[in-house]
Amino acid sequence: MTFLSVVVFFPLVLGVVSLLVKRGGRLCQGAAGLASVAVAARRIAEGLPARELVLSGPFGVHLLIDEQSSLFILLAGLVVTALALDGREGPPFQGLVLLLLGACNAVFVSFDFFNLYVTVELVTILAFLLIRWGGGLRRTWAAVKYLMTGQVGMILYLLGALEAYGETGGFSMTSLPVLSPLSLSLMTCGLAVKGGLLFVGLWLPEAHGGATASVSALLSGVVVKTGLAPLLRFSLLEPKLGAAISLMAVASALVGSLLALGEGDFKRMLACSTLAQVGFIAAVPSLGGQYALFHGLAKAWLFLTAGRLPFRSVASLRRHRLPWSLWLSLVGGALALAGLPFLGAPALKKAVETSLAFPLSTILKGAALLTPVYLLRPLFGLPRRERGPFPSPSMSPLFLALSLIVSGGYFRWTAGAGLDVGPLLAAGAAAAFLPVGAKRKILPAMEGLDHLLGLSLLCVLALLFSWRWLP
Amino acid sequence: MLLRWILSSVVLVGLVGLLARKNVLAKILAMDVMNTGVISLFVLAGRRSGRRAPLVGEGGDFADAVPQAAILTAIVIGFATLALLVVYVMDISRSCTTLDTSCIERRARR
């Protein structure tokens, strides 16, 4: 219970306080973030057994606090603390972030279909408010598209939950293995929309690429995981559904990497890379929590650094001579995500790839090979002549880098895989020097509202059919 | 059973409206119709075991109160979403002077 009050109620209370007082928001944010980090890290370090809670009575809400939820809570706490260190946005922002932290943590511990619905919707509404932060037509439209796509996904999810209630007489996730394919497909699709899996997650480049840097870091680092964390639980509880989710995940890893390769806008490229990395998270449910922690930290680092750039296009990034601190921070984040030993997680990546069967593991390996190419390409263009006025980078990327190194050391993400990664990184860096001048935006038509809505329905049908075809 | 079919078709009507209409406001309203259909399905699901209100001290065939109690939250969430969406669409229409999705899409991309 102490755990719950620290990770869920404490941020919510602080959020309301800082929304009312309008002062000391950064302090509250840092306190709530660090509190989540402390309790989650303690749970992981002491290896406490999973704990099930029913709040309270026979129709109570089912919660589960296990290692996976601790990993996700750790990630959320770290990213929010980094945002507090960054501290670029004005007063109401911190309050919203604190509320979002509480809501995300509530998603990560819930083990009940209806509680999951409520908390995920809360996260969606807060994220919707944050996407528009800074104003402008582009952001507003991206926010509307995000909310409408998400809402349709959640209506499908509700239908699935109703079906589940009719079949088992309760909303607890323990009854997952006995549910019918229809209800499982509906709920999975609703969560996949939130998690940014292909092809229902195509709202992601517009929303994550368009929002301000702090919001993008939060969205890619934490908010996407609120869809993935329950999906990982689904896959673990029902292996047949897990096979379908892995298929979707590998498809997103490949397509996301290809999209990122052709993207001409730096922040949208990072968002497409999120689309790809989400695939790595969902591909293997037992390693998903760790991979989510790794990806969230590295991607928040990259987004927070990218927010210091005065321009967005890859072409002008290649032309400008950046100050060393900024350039190093960008390259460091890119290399960490690509799998540099000690900073990134090469062993974890390898473990994810090798736990899948033949065709899928090869595709995932190919997607991993593309990661350094698209991430390093904007940073190595030569010659760089133009200089511009650049603000100095803040402390937050340093904090995220440190937490990446510490968690990598704890979970042994680099153990014994350093030699395999060397050639991969070298190939990636070499390819980065090739002049690939992509300036157009890939698939603008697919990102239209109608397509996004239609795709989520097709996803339900595809999942339903996968029941017949998958072994 | 008939009621169930009717409500399911309400969900479908909302879905068709959501996909077929070009106007953002119409899309949002269609989404609300869909949401209302699902909510009514939840209410209906509670009636399977009986019709009477589950009050302490009265016997008989009670309605199942759990789905009805749960769906209250969904009604509130649906309302909040609808209100937020309409406010944002107001903002969009002020700078775009149109509610046509493809027009807004083109302007937003510029």
Side-chain angles (χ1 to χ4, degrees), chain A residues 58-61 112-115 117-122 124-126 128-129 131-132 135-152 154-163 165-166 169-171 186 206 210 441 444-445 447-454 456-457, chain B residues 4 8 11 14-15 18-22 24 27-28 30-39 41-46 48-49 64-67 69-74 76-78 80-96 101-102 104-110:
Chain A
F59 298 113
V61 172
D112 174 294
F113 295 129
F114 207 84
N115 186 48
Y117 165 77
V118 174
T119 46
V120 168
E121 280 287 33
L122 187 56
T124 311
I125 289 177
L126 288 168
F128 167 74
L129 294 174
I131 289 173
R132 195 186 170 265
L137 176 64
R138 197 173 167 170
R139 284 184 190 136
T140 314
W141 182 236
V144 167
K145 278 205 287 194
Y146 167 68
L147 190 57
M148 284 193 75
T149 323
Q151 187 69 14
V152 170
M154 282 336 263
I155 288 175
L156 295 177
Y157 178 91
L158 259 188
L159 278 173
L162 177 66
E163 196 64 28
Y165 185 84
F171 287 118
L186 284 166
E206 195 91 328
K441 275 186 194 165
E447 289 176 41
L449 186 55
D450 293 319
H451 289 263
L452 292 175
L453 297 176
S456 54
L457 299 175
Chain B
R4 198 163 174 220
S8 306
V11 177
L15 192 62
L18 192 66
L19 291 175
R21 295 298 296 266
K22 280 268 149 204
V24 194
K27 267 187 199 295
I28 291 172
M31 202 176 75
D32 197 51
V33 168
M34 212 173 145
N35 207 10
T36 309
V38 175
I39 288 168
L41 276 173
F42 262 81
V43 174
L44 194 65
R48 228 172 268 164
S49 55
D64 186 358
V66 177
I71 206 64
L72 264 180
T73 329
V76 177
I77 292 173
T81 322
L82 186 72
L84 280 174
L85 273 173
V86 171
V87 169
Y88 274 34
V89 166
M90 263 169 66
D91 185 32
I92 287 174
S93 75
R94 218 170 274 151
S95 58
C96 253
T101 36
S102 43
I104 299 173
E105 199 91 49
R106 245 178 284 129
R107 294 230 186 131
R109 207 162 274 148
R110 232 184 275 152

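Proteins get letters first, then strands, A, B, ... in listed order; numbering begins at 1 in each. Scope of the values below: all heavy atoms of this structure, side chains included, with no hydrogens, waters or symmetry mates.
- Across all their heavy atoms, A/Glu163 and B/Arg4 have their closest contact at OE1-NH2, 4.1 Å.
- Looking at A/Leu147, the atoms closer than 4.5 Å to chain B (heavy atoms on both sides) all sit in the side chain, from C-beta outward.
- Checked against the 6.0 Å centroid threshold, B/Phe42 and A/Tyr165 do not count as a close aromatic pair.
- For chain A, the option among B/Val89, B/Ile71, B/Val11, B/Ile39 with the highest count of heavy-atom pairs below 4.5 Å is B/Ile71.
- Heavy-atom pairs under 4.5 Å with chain B peak, among A/Lys145, A/Gln151, A/Glu121, at A/Gln151.
- Under the salt bridge (Lys or Arg N to Asp or Glu O under 4.0 Å) criterion, B/Asp32 pairs with no residue, sequence neighbours left out.
- Residue A/Phe171 touches chain B through its side chain alone, counting heavy-atom pairs closer than 4.5 Å.
- With a 4.5 Å cut-off on non-hydrogen atoms, B/Asn35 touches chain A through its backbone and its side chain both.
- A distance of 5.0 Å separates CG of A/Leu453 from CG of B/Leu18, quoted to the nearest 0.5 Å.
- Atom OG1 of B/Thr101 and atom CE of A/Met148 lie 9.0 Å apart (nearest 0.5 Å).
- Contact tally against chain A (heavy-atom pairs below 4.5 Å) for B/Thr73, B/Asp64, B/Leu85: the top residue is B/Leu85.
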### Message
Please evaluate residues B/Val24 and A/Trp141 with respect to the criterion side chain to side chain contact (heavy atoms under 4.5 Å, CB included), reporting the C-alpha separation (whole Å), side-chain torsions for both, the decisive distance (0.1 Å), and the verdict.
### Response
CA-CA 11 Å; B/Val24 194; A/Trp141 182 236; 4.2 Å; yes
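- Looking at A/Leu129, the atoms closer than 4.5 Å to chain B (heavy atoms on both sides) sit in the backbone and in the side chain alike.
- Between atom CG of residue A/Leu158 and atom CE of residue B/Met34 there is a gap of 10.0 Å, rounded to the nearest 0.5 Å.
- For B/Thr81, the parts lying near chain A are the backbone and the side chain together; criterion is any non-hydrogen pair under 4.5 Å.
- Side-chain contact between B/Ile92 and A/Leu137 is present, with heavy atoms from C-beta onward closer than 4.5 Å.
- No other option in A/Ile155, A/Thr124, A/Leu162 has as many heavy-atom pairs under 4.5 Å with chain B as A/Leu162.
- B/Lys22 touches chain A through its side chain: at least one heavy atom from C-beta onward sits under 4.5 Å away, while N, CA, C and O do not.
- In this structure, the separation between CG on B/Leu84 and CZ on A/Arg132 is 11.0 Å, given to the nearest 0.5 Å.
- At a 4.5 Å heavy-atom cutoff, the contact between B/Ala74 and chain A is made by backbone and side-chain atoms alike.
- For A/Ala143, the part lying near chain B is the side chain, with the backbone staying farther off; criterion is any non-hydrogen pair under 4.5 Å.
- Residue contact with chain A, scored on non-hydrogen atoms closer than 4.5 Å, involves the side chain of B/Ser95 exclusively.
- The CD atom of A/Glu206 lies 7.0 Å from the CD atom of B/Glu105; values are rounded to the nearest 0.5 Å.
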### A/Leu457 and B/Leu15: CA distance, side-chain angles, deciding distance, side chain to side chain contact (heavy atoms under 4.5 Å, CB included) verdict
CA-CA 10 Å; A/Leu457 299 175; B/Leu15 192 62; 3.7 Å; yes
